[in-house]
Amino acid sequence: MEFSTIFLIAVALAVDAFAVAIATGICLPKVSFRHMFRLAWHFGLFQAGMNIIGWAAGLSVRNYIESFDHWLAFGLLAFVGGRMIWEAVEPDDGKDKCERDPTRGRNLVVLSVATSIDALAVGLSFAVLKIAIWFPALIIGVVATAGTALGIHLGNWVGSATRLGKNVEIVGGLVLIGIGINILREHGIF
């Protein structure tokens, strides 16, 4: 897989983390280095780790699904991308989402897992497509870390940029769906 494709996947996966980081930056009165480091480190670590876990799980079933693996990869990417788009256009419930510091304790772990579930599905796709995981996982983790660090500062600076986060999430979802379509094209479906 080309670096540009891996990078686009990493960016698409990082938009959830970026959007959550923007929201976190908005709700924190002031973003310290500790806030930024905790959120960025955990989001990057979980993105890379969940990608590896999904890949490892995919290795165990790869031989059974080789004949339709490209359809599975497309389906997973389309599902994740579609869900990202749906969540971005879904109306807010109006509740304040930042009652406690989201960069600490259980809130941090829950957000880290929630923003990295997509990476689990992508890791599974890498396994069925016989793509080595270590370099893509590193790129995915680094991009998520950088995007999170940027997002928390941007959110704090802008203060009310929640709409920006939704638009970025829509673009990320479209990128994942586009990559899924490209996988089908590479397998001669189109």
Side-chain angles (χ1 to χ4, degrees), residues 1-22 36-37 39-63 65-85 87-88 111-152 154 165 167-190:
M1 183 174 281
E2 294 179 20
F3 175 78
S4 60
T5 303
I6 293 170
F7 184 75
L8 282 174
I9 290 170
V11 169
L13 289 173
V15 296
D16 279 351
F18 181 72
V20 170
I22 287 175
M36 184 271 305
F37 180 78
L39 197 67
W41 170 257
H42 281 84
F43 280 13
L45 182 67
F46 273 71
Q47 286 280 346
M50 292 290 258
N51 196 256
I52 292 167
I53 291 168
W55 177 79
L59 287 180
S60 63
V61 298
R62 183 172 62 198
N63 292 336
I65 60 174
E66 254 178 321
S67 64
F68 58 92
D69 59 0
H70 50 284
W71 284 106
L72 179 62
F74 167 74
L76 288 170
L77 291 169
F79 173 75
V80 170
R83 195 182 83 212
M84 288 170 65
I85 294 168
E87 289 173 358
L111 288 174
S112 297
V113 170
T115 58
S116 62
I117 293 293
D118 301 348
L120 186 75
V122 171
L124 178 65
S125 299
F126 284 161
V128 299
L129 294 173
K130 298 180 182 174
I131 297 170
I133 194 61
W134 304 112
F135 183 67
L138 175 67
I139 299 302
I140 288 166
V142 167
V143 169
T145 300
T148 301
L150 175 67
I152 195 169
L154 181 64
N167 290 333
V168 169
E169 204 163 353
I170 290 170
V171 170
L174 291 172
V175 166
L176 285 179
I177 293 169
I179 290 168
I181 291 170
N182 189 49
I183 289 170
L184 290 179
R185 186 190 58 76
E186 287 174 353
H187 281 81
I189 304 301
F190 298 124

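You'll find the side chain of Ile152 stays beyond 4.5 Å of the side chain of Ile22, heavy atoms only. The shortest distance between side-chain heavy atoms of Phe18 and Leu154 falls below 4.5 Å.
The minimum heavy-atom distance between Ile117 and Met50, with the atom names listed, is CD1-CE, 3.7 Å. Between Ala48 and Gly141, the closest heavy-atom pair is CB-CA, 4.0 Å. Taking both residues in full, the closest heavy atoms of Leu174 and Ile85 are given as CD2-CD1, 3.7 Å, listed atom of the first, atom of the second, then distance. Ala17 approaches Thr148 most closely through the heavy-atom pair CB-OG1, 3.5 Å. A pairwise comparison of heavy atoms in Ala144 and Phe43 identifies CB-O, 4.2 Å as the closest pair. Taking all atoms of both residues into account, the shortest heavy-atom contact from Trp55 to Ile131 is NE1-O, 3.1 Å.
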### Task
Give the intermediate values and the outcome of side-chain contact (heavy atoms from CB on, under 4.5 Å) for residues Leu138 and Trp134.
CA-CA 6 Å; Leu138 175 67; Trp134 304 112; over 6 Å; no
#### Entry: side-chain contact (heavy atoms from CB on, under 4.5 Å) between Phe74 and Ile189, intermediate numbers included
CA-CA 11 Å; Phe74 167 74; Ile189 304 301; over 6 Å; no
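At distances below 3.5 Å, at least one donor-acceptor pair connects side-chain atoms of Asn51 with backbone N or O atoms of Ala119. Checking side-chain atoms of Gln47 against main-chain N and O of Thr115 turns up a donor-acceptor pair under 3.5 Å.
Ring geometry for Trp41 versus Phe37: interplanar angle under 30°, hence parallel rather than tilted (30 to 60°).
Leu39 contributes atom CG, which lies 10.0 Å from atom OG1 of Thr145 (distance to the nearest 0.5 angstrom). Expressed to the nearest 0.5 Å, how far OG of Ser116 lies from CD1 of Ile140 amounts to 11.0 Å.
For Ile6, the side chain to side chain contact (heavy atoms under 4.5 Å, CB included) test picks out Met1, Phe135, Pro136, Ile139, with sequence neighbours left out.
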